Each structure stands twice: as C-alpha cells, then as structure tokens.
Amino acid sequence: KELVYYLELVDDANTEKIIKKKIKAIAIYDNENIQYIENPSQKFLKEIFEKENIKKYGHNLTEDYIILKQEGITIQNIEYDSMVAAYILNPTSGKYKIEDLMNEYLELDLDEYLKANNIDVQNAGQITLFQEETKEQCTDKYKTAFFAYGISKLREITIKKLEEINALKLFKEIDMPTVEVLSDMQWNGMYLDVTELDE
C-alpha cells in the first residue's frame with residue numbers, strides 16, 4: 001500500500017507551535033485519480049499516516065512530520081521525499097520547491113497545465129467542485145492536486161536517476177531514515193543555558 005500525497009498549508013501565526021502553519025487540505029494520488037480533501041479530520045489523518053503498512057511518498061517530509069506531530073500524529077513508514085532525492089541529485093541547485101522540481105524533471109508547469117486542459121479558474125463556478133469559490137481558492141485546489149500527481153512522477157524519474165549515479169542505496173539507507181531523525185530532533189529541541197547564551 002502507498003500514500004502519495006501533498007499537504008496544502010496555511011499560515012497560523014496565532015500559535016505556540018514550532019511551525020506556524022496548519023493543514024488546509026490534502027491531495028492524494030492513486031495512479032489514476034486525485035482526491036482532494038479540505039479540512040481533513042485529525043482522525044482521518046491519523047488513520048492514514050500512522051499505518052505502518054502504508055509507504056508514504058511526499059515532498060519536504062521534515063516539515064510535514066512536524067506539522068502532523070503538532071496535531072498528535074506521527075508519520076510511519078516514510079519511504080520517499082522528492083526534496084531529498086533532488087538534493088542528492090544536485091546538492092548545489094538551491095531550488096527544491098515542488099514546482100521547481102516538476103519544471104526541471106518533468107517539464108510540467110502549473111499555469112501551462114491549466115491552460116492546456118482548458119481549466120479556466122476565472123470561471124471556476126462552472127465546475128461543481130469549485131462552485132462559489134474565488135479564483136485564488138480554486139487555483140490552490142488545482143495546485144495541491146497537481147503537486148500530488150507530480151510527487152508520483154518525480155519518484156519514478158528521480159529513483160532511476162539515483163540508480164544511474166549509484167546513489168539509490170545512499171538515498172534509501174542513509175538520507176530517508178535521517179528525515180525522521182532530524183524531524184524528531186527539531187520536535188524535541190534541546191536544553192539551553194539562557195544565561196550563557198546571553199553572555
């Protein structure tokens with residue numbers, strides 16, 4: 001079983017949390033369809049992310065790990081992070097946003113995709129899913145769904161490229177397990193001597 005997903009996040013400045021963002025929606029891609037779920041319940045997220053028999057594929061999973069942990073959810077069975085794969089392939093790039101990776105490896109662009117598929121976000125009310133929503137809200141939904149699709153395709157191509165440079169073992173056995181370790185370090189924090197720091 002696999003979970004290929006992308007979280008749509010919004011700023012949450014009025015919080016004491018480590019990452020001041022919250023989950024607005026999740027898009028899940030199953031190789032045929034994309035399911036967009038707005039305001040997913042904590043119960044639903046906990047059920048899919050904490051199942052150990054479901055491999056998780058996403059982008060920037062360190063951030064996702066913390067954000068979900070803030071909701072009382074611990075991701076299990078982290079398998080693929082497109083940001084980590086892209087970093088190994090090109091550690092000096094500096095461009096690791098999902099849209100940058102989709103442009104580089106898949107030659108896919110959100111605006112071009114919308115135009116090519118005759119998706120008119122200006123008149124989105126014509127589409128049942130997006131009735132009575134603003135252009136911005138509609139675009140966010142397409143973007144989130146588009147990125148979930150992109151993660152699946154990025155996985156296919158970056159895994160092949162990692163194999164070509166003999167870095168697949170590094171990715172699977174070192175870098176991917178480190179995602180959880182670094183996330184837990186960020187979550188747990190460390191003790192600090194404030195007086196010493198002030199000095």
Side-chain angles (χ1 to χ4, degrees), residues 1-88 96-99 101-102 129 133 136-137 139-156 158-159 171-192:
K1 292 182 178 180
E2 300 176 342
L3 174 67
V4 181
Y5 77 94
Y6 187 82
L7 293 179
E8 182 180 338
L9 305 172
V10 291
D11 290 335
D12 187 18
N14 300 320
T15 181
E16 297 294 321
K17 295 175 179 177
I18 298 169
I19 297 179
K20 299 184 184 306
K21 295 180 182 178
K22 62 182 177 182
I23 300 167
K24 179 183 176 186
I26 183 172
I28 299 171
Y29 179 65
D30 67 3
N31 290 324
E32 291 183 8
N33 302 300
I34 300 173
Q35 186 177 10
Y36 180 90
I37 304 163
E38 196 163 10
N39 299 315
S41 69
Q42 195 258 6
K43 180 181 178 183
F44 171 76
L45 293 172
K46 194 172 185 70
E47 186 176 312
I48 61 172
F49 280 104
E50 290 196 345
K51 280 193 177 174
E52 294 185 9
N53 64 332
I54 299 177
K55 295 177 181 178
K56 314 304 185 305
Y57 305 109
H59 178 82
N60 193 8
L61 293 182
T62 298
E63 181 177 64
D64 289 358
Y65 188 98
I66 298 294
I67 287 170
L68 287 163
K69 193 94 167 170
Q70 291 173 170
E71 300 299 322
I73 300 162
T74 303
I75 302 180
Q76 301 294 326
N77 202 357
I78 295 172
E79 183 75 14
Y80 173 84
D81 186 331
S82 55
M83 181 182 277
V84 174
Y87 177 79
I88 295 173
Y96 303 113
K97 290 183 179 178
I98 183 71
E99 51 264 58
L101 301 185
M102 289 179 71
L129 180 62
E133 293 188 344
E136 183 179 349
Q137 288 171 321
T139 303
D140 287 345
K141 286 188 174 183
Y142 276 114
K143 186 187 291 186
T144 302
F146 186 66
F147 291 160
Y149 167 80
I151 288 165
S152 176
K153 299 308 172 189
L154 281 168
R155 177 177 171 266
E156 293 174 13
T158 56
I159 291 296
F171 174 75
K172 287 186 171 182
E173 297 182 12
I174 304 294
D175 285 87
M176 286 312 303
T178 303
V179 169
E180 187 173 344
V181 173
L182 293 175
S183 300
D184 277 330
M185 287 171 64
Q186 185 176 355
W187 174 258
N188 290 320
M190 56 187 251
Y191 288 109
L192 179 67

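Computed from a predicted structure; not experimentally measured.
Note that the CG atom of L3 and the CD1 atom of I26 stand 6.0 Å from one another [nearest 0.5 Å]. The CG atom of L61 sits 9.0 Å away from atom CG of L7, with the distance rounded to the nearest 0.5 Å. The distance from the CD1 atom of I151 to the CD1 atom of I28 is 11.5 Å, given to the nearest 0.5 Å. Atom CD1 of I98 sits about 10.0 Å away from atom CG of N60, to the nearest 0.5 Å. Here CD1 of I73 is found 11.5 Å from CD1 of I67. Values are rounded to the nearest 0.5 Å. K56 contributes atom NZ, which lies 8.0 Å from atom CD1 of I78 (distance to the nearest 0.5 angstrom).
When side chains are defined from C-beta on, T144 does not count as touching I34, because their heavy atoms never get closer than 4.5 Å. Counting only heavy atoms from C-beta outward, the side chains of H59 and L101 approach each other to under 4.5 Å. No side-chain heavy atom of L9 sits less than 4.5 Å from a side-chain heavy atom of I19. Residues I23 and P40 are in side-chain contact: their nearest non-hydrogen atoms beyond the backbone lie under 4.5 Å apart. Looking at heavy atoms from C-beta onward, Y5 lies out of side-chain contact with I48 at the 4.5 angstrom threshold. When side chains are defined from C-beta on, Q70 counts as touching I18, because their heavy atoms get closer than 4.5 Å.
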Check step by step if side chain to side chain contact (heavy atoms under 4.5 Å, CB included) holds for S152 and N31. CA-CA 8 Å; S152 176; N31 290 324; 3.7 Å; yes
Show, in sequence, the C-alpha distance, side-chain angles and deciding distance for D140 and K24, and conclude whether the side chain to side chain contact (heavy atoms under 4.5 Å, CB included) test is met. CA-CA 10 Å; D140 287 345; K24 179 183 176 186; 4.0 Å; yes
Candidate pair K143 and E99, rule salt bridge (Lys or Arg N to Asp or Glu O under 4.0 Å), full reasoning: CA-CA 9 Å; K143 186 187 291 186; E99 51 264 58; 5.9 Å; no
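Ion pairing between K141 and E38 holds under the 4.0 Å rule for side-chain N and carboxylate O.
Remark: K46 engages E50 in a side chain to side chain donor-acceptor pair (under 3.5 Å) (not counting sequence neighbours). Looking at residues two or more places apart in sequence or on another chain, you find a side chain to side chain donor-acceptor pair (under 3.5 Å) between E2 and Y57. Residues satisfying the side-chain contact (heavy atoms from CB on, under 4.5 Å) criterion with K43, sequence neighbours excluded, are S41. Scanning for side-chain contact (heavy atoms from CB on, under 4.5 Å) contacts around E47 gives K51, with sequence neighbours left out. Evaluation of the side chain to side chain donor-acceptor pair (under 3.5 Å) rule for Y29 yields no partner, not counting sequence neighbours.
Counting only distance, with no hydrogens or angles, the side chain of D11 and the backbone of A13 share no donor-acceptor pair below 3.5 Å.
Applying the 6.0 Å contact sphere to NZ of K172 captures no more than 12 heavy atoms from other residues, nucleotides or ligands. In the displayed structure, K153 atom NZ is contacted under 6.0 Å by more than 12 heavy atoms of other residues, nucleotides or ligands. The number of heavy atoms from other shown groups lying within 6.0 Å of CD (Q76) is above 12. The neighbour count for K17 NZ, taken as heavy atoms of other residues, nucleotides or ligands under 6.0 Å away, is above 12.
Heavy atoms only, all atoms of each residue included: A27 and A145 are closest at CB-CA, 3.8 Å. Nearest heavy atoms, L68 versus L45: CD2-CD1, 4.4 Å.
Taking the six-membered ring wherever Trp is involved, the centroid distance between the rings of F171 and Y80 falls below 6.0 Å.
D175 and Y87 are not linked by any side-chain donor-acceptor pair at a separation below 3.5 angstrom, with hydrogens and angles left out of the test.
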Donor-acceptor contacts under 3.5 Å from residues 179-186 side chains, at least two apart:
residue: S183; atom: OG; partner: V179; partner atom: O; Å: 2.7
residue: D184; atom: OD1; partner: Y65; partner atom: OH; Å: 2.8
residue: D184; atom: OD2; partner: Y65; partner atom: OH; Å: 3.3

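In this structure, Y6 and F147 have perpendicular ring planes: the angle between them is above 60°, well past the 30° mark.
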